[in-house]
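Down below is the structure, laid out as structure tokens.
Every value quoted in this text rests on a predicted model; they were computed, and no experiment measured them.
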Amino acid sequence: MEAALLSGFIKTILPKLFSLVQEKYKLHKVLKGDIKFLEKELRMIAVTIDDQILLGREDHGALLSLSMEELRELAHQIEDCIDRFLYHVTREQQASLFRRTITSPKTLRSRQRLAAEVQLLRKIPEEAHQREKRYRVFAGLSSSRQAESSYCSSGSDPHTPKADLVGIDGPRDELVQQLTEEPEDLAKQLKVISIVGIHGSGKTVLAREVYESDVGRQFSLRAWISATGRGPREVLMEILRKFGRPVVDNFSVDQLTVDVREHLDKKRYFIVIDDMQTDQWSSIEAAFPQDNVVSSRVMVTTTIQSVANARSSSNGYVHRTKRLGDKDSEQLFVRKACPKKYLGYMQPESKEVLKKCDGQPLALVSMGQFLRKKGWPTGPNCEDVCRNLSHHLEQDETLERMRRVLLHSFSSLPGHGPKACLLYFGMFPCDHPIRRKRLMRRWLAEGFVETQPSSTENFNTLIDRNIIEPIGMCNNDQVKTCKTYGMMREFILLMSTSQDFITLFAGNKVEHKYVRRLSLHHNIATSGSCSSLDINLSLVRSLIVFGEAGKAILSFQKYQLLRVLDLEQCTDLEDEHLKDICNLLLLKYLSLGETVASIPKDIEKLKLLETLDLRRTKVKILPIEVLLLPCLLHLFGEFQLSDKVKITSEVQKFFLTEQSSLETLAGFVTDGCLGFPQIISHMKNLRKLKIWIERSEKNTNFTDLVNAIQKFIHDDKEESNDPRSLSLHFDACTENILSSLKAPSYLRSLKLKGKLLELPQFVISMRGLRELCLSSTKLTAGLLAALSVLKDLQHLKLIADELEDFIIEDKAFPGLLHLCFVLEGATLPTIEEGSLQKQEKLGKKLLRSIQIGQNYCCSTLLMKVKACLETVLLLQRQLRGKLWKLSPRQMEHYKRITFRY
């Protein structure tokens, strides 16, 4: 695990090291030779580590663990050396000719300093190799002992005592019903039932309960197979052994598949495969006859959502484990924590520990046993234990099983990228909702991933494996915000701090002098305490502040190598700090908060900046220098250019020569005057655009703006499918801008907010429109009817104070997957049979939900609708038959309804 992180980190700095030998840096030949030596050395180290991991020998005992520590320190020192040199080179490049002449001796010294540092770094691996040779015999002994238990078990234990089974009756009965229940058209076929959830959520225990039930015992052939640490071949061999069949060791997967299939043919079997991995089912699926006339069952437990979905895609069923409720959680915890002789006494407050356990059965049992050992209920209170939970998780043997489960979740992640991305969650406070896109942009700036698709892939991997959980969803059902659950967060903090990956302020104390990623939470760091801390801020790569930072932390002249600076929720940042921030020449990500009112022109120094987020600021006027940053990809806020800005020849040249990299501009305020409308036409890479349109007395001509929008939405002959997105906010006096836009047009996503009397023609004829959000005081029946013919539309959200009556007719909305209404009044469309075809097909598989505003008085009706809902038509009958009969006084209890398929 530690080795995988180190190997991945080394691979990220190798390209930076190699870049130093390029001619533009004008390094001495001897220095280039030393750099190439270090590059080859690090490359060999990474390859060796990867080979050890493949052999299952990642943990090498105390001696080699120390060697890993030395190698990590070497990699950090090399990165520091490279970044310091790049920082000074960047300063030299931005200096004027006069300053470069004056500072040329300093330039020479920076190259001499680099040469001296590289010479020292070259000696470190040579000395480490000599030391390893001297003590290799002891390392071998350590490795051989470790090899006996090289595999990190997931900690599954199906034989949980009955006393620990809390809240399991409902899920067990639901799954037992799946053993017998089946539609008529799929009668007598094999059914695959998947149980999916995080490690420690009770999947294995639940499967065992179903397996040992009366219905489960009725199958003529039964087998329980653990897939933990086994490949497809081993799983098939284990199935044959459980059925008493002879097993030939050298048989291939295909041969074993035939043997299992022949044995199961025409027999009614029930097989449980516990802890299924990603690549196993596709290899063994053929071993289970699909149509064996006797209604056989295969039950799979897994932590991976995509595995569960694929296994149960046709004739199957997916059960997602849920957290225990507050009452069941407390019952299980107290049962394990409190000796019987104290059961009659008043129990101490357990709110904090229950919050950490987050309703996960294994966590509740483990923490209960741990506190019982500590003398619950008369021993240390829960607050004290939770304050040092990471330490206990690392050291205490009572929490060993919990530790193994969390370690297995982490170590099973594929490669360095997802592991580093997961550890980065430790930068955020507990229970803090983390925006997906914000997180992925920071991963890119940190260098954990190289491209946006890689960032998305890593995020999806963490979601798919149930390691992080969604909180909020976007209109298109993409995750909007997420967080880590209780015990996993403690494990992330343990791993990230022990590996010097991040540093947190805790009790006004920082354990490490050399800090690379620094996170300050909720005013823990005050100006007085920070000033006394012995921290080398010049090496910090990432800084995030929640609350007050203090003068010492906000002394940005102390920083040199910052790449990520998130001050979005910093409460004591001032405009005067921005002058020093503009000297952070390696900065790639900058997010500012509500205490900032203006951006200085010196921001032009940040030539490497990729993301600038001003959404929480009070910035209304944007300096043109921001738009001229060559690496800027994403710009967020609500601003306009100054009236005094002149589109100079230099500005024109920048855009005409396509030097702008800007992909996201969300967004700007315009009245059609000179400024943004004239510039965005030349932003060739622009993919997301957000505009607030305002009418002013100075200008009533929006021709330039219309032309700019028209160019952005134009559908060229190549029929590109890039993810273009447009959001327009307009007032009653500017809606004619929409009627001026013409076909052919293309967008992936469109949001219109303003007075909409009819659907603009360019929307009706638009190609590729998948997501549409319309917000208006009133949505007319004609407008809504026009929407129903959009064949590419998949996600539709309608927001209005008033919605006219209209009918969703037969075959309307042919491709729609999700439909959402946010209304002031309780008016919904009549849905005819045959409409919303794709939603009806999905109706049997997806849970429909109805969300009603606060203080809604008829919660029983809401639960009834959720429980019995199977199709859109049934939902319509429930609503029209029940909801609309509330009295006027009851109707006042809710003002907004969100109706979502």
Side-chain angles (χ1 to χ4, degrees), residues 1-9 11-12 49-50 52-54 56-60 65 68 72 146 149-156 196-201 203 228-229 275-278 302-307 356-358 360 362-363 366 389-396 399-428 430 434 439 443 446 448-449 457-469 482-502 504 517:
M1 175 182 56
E2 179 184 353
L5 280 173
L6 177 58
S7 173
F9 177 63
K11 291 171 185 174
T12 62
I49 292 173
D50 290 344
Q52 295 297 312
I53 294 172
L54 288 174
R57 295 165 56 192
E58 185 174 340
D59 188 353
H60 303 274
S65 181
M68 285 290 178
R72 184 174 65 245
Q146 186 65 31
S149 57
S150 61
Y151 181 74
C152 176
S153 168
S154 66
S156 296
V196 61
I198 63 174
H199 284 299
S201 60
K203 302 181 301 297
T228 304
D275 198 18
M276 175 72 78
Q277 301 302 307
T278 306
T302 181
T303 59
I304 307 173
Q305 189 67 49
S306 58
V307 171
K356 292 289 185 184
C357 293
D358 208 10
Q360 304 300 336
L362 178 58
S366 300
L389 186 53
S390 295
H391 171 76
H392 298 312
L393 191 60
E394 181 182 23
Q395 301 290 338
D396 198 277
L399 301 175
E400 169 65 20
R401 187 179 168 203
M402 186 77 243
R403 183 164 59 246
R404 283 190 289 117
V405 163
L406 295 169
L407 188 59
H408 179 68
S409 296
F410 181 78
S411 61
S412 62
L413 287 171
H416 166 263
K419 292 183 176 72
C421 292
L422 177 61
L423 293 186
Y424 202 75
F425 276 84
M427 295 286 285
F428 299 90
C430 179
I434 304 168
L439 183 67
W443 288 345
E446 287 278 2
F448 301 153
V449 293
E457 181 181 352
N458 283 336
F459 183 86
N460 291 340
T461 295
L462 298 178
I463 288 287
D464 189 41
R465 291 173 178 255
N466 290 282
I467 294 177
I468 60 176
E469 57 179 340
C482 62
K483 70 170 187 175
T484 54
Y485 63 92
M487 279 296 177
M488 177 54 75
R489 171 171 170 75
E490 293 301 319
F491 177 78
I492 288 171
L493 291 179
L494 170 62
M495 283 296 302
S496 57
T497 53
S498 65
Q499 300 294 315
D500 294 340
F501 189 83
I502 67 172
L504 302 178
R517 297 179 185 88

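- Trp443 and Phe459 have tilted rings, their planes meeting at an angle from 30° to 60° on a 0 to 90° scale.
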CA sep, side-chain torsions, deciding dist, call: Asp275, His199, side chain to side chain contact (heavy atoms under 4.5 Å, CB included): CA-CA 9 Å; Asp275 198 18; His199 284 299; 4.1 Å; yes
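- Taking CD of Glu490 as the reference point, atom CE of Met402 lies at 11.0 Å (rounded to 0.5 Å).
- Remark: Arg489 fails to qualify as a cation-pi partner of Phe425 under the 6.0 Å distance and 45° angle criteria applied to the six-membered ring.
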Verdict with reasoning, Gln360 to Ser201, per side chain to side chain donor-acceptor pair (under 3.5 Å): CA-CA 5 Å; Gln360 304 300 336; Ser201 60; 4.7 Å; no
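- Nearest heavy atom pair, residue Pro414 against residue Thr461, reads CD-CG2, 4.2 Å.
- Separating the CD atom in Glu394 from the CZ atom in Phe491 is a distance of 10.0 Å, to the nearest 0.5 Å.
- For the pair Ile492/Leu406, no side-chain contact is recorded, criterion being any heavy-atom separation below 4.5 Å from C-beta on.
- In this structure, Ser366 contributes its side chain and Leu399 its backbone to no donor-acceptor pair below 3.5 Å.
- Here the shortest heavy-atom pairing between Lys419 and Leu413 reads NZ-O, 2.6 Å.
- The shortest heavy-atom contact between Asn458 and Cys421 is ND2-SG, 3.8 Å.
- Atom CD1 in Ile463 sits 4.0 Å away from atom CD1 in Ile468 (nearest 0.5 Å).
- Listed for the Lys203 side chain is no donor-acceptor partner under 3.5 Å among the backbone atoms of Thr303.
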Verdict with supporting geometry, Glu469 and Tyr485, side chain to side chain contact (heavy atoms under 4.5 Å, CB included): CA-CA 7 Å; Glu469 57 179 340; Tyr485 63 92; 4.0 Å; yes
Trace of the side chain to side chain contact (heavy atoms under 4.5 Å, CB included) decision for Leu389 with Leu494: CA-CA 9 Å; Leu389 186 53; Leu494 170 62; over 6 Å; no
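- One distance of note links CZ of Arg517 with CG of Leu504; it measures 12.5 Å at 0.5 Å rounding.
- Ala363 and Cys357 make their closest contact through O-SG, 3.5 Å (heavy atoms, listed as atom of the first residue, atom of the second, distance).
- A side-chain contact (heavy atoms from CB on, under 4.5 Å) with Arg465 holds for exactly one of Ser412, Pro418, Ser409; it is Ser412.
- Once rounded to the nearest 0.5 Å, the distance linking CG of Leu393 with CE of Met487 reads 6.5 Å.
- Between the CG atom in Asp358 and the CD1 atom in Ile198 there is a gap of 7.5 Å [rounded to 0.5 Å].
- The shortest distance between side-chain heavy atoms of Ser390 and Thr497 does not fall below 4.5 Å.
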Stepwise side chain to side chain contact (heavy atoms under 4.5 Å, CB included) test for Leu423 and Phe410: CA-CA 10 Å; Leu423 293 186; Phe410 181 78; 3.8 Å; yes
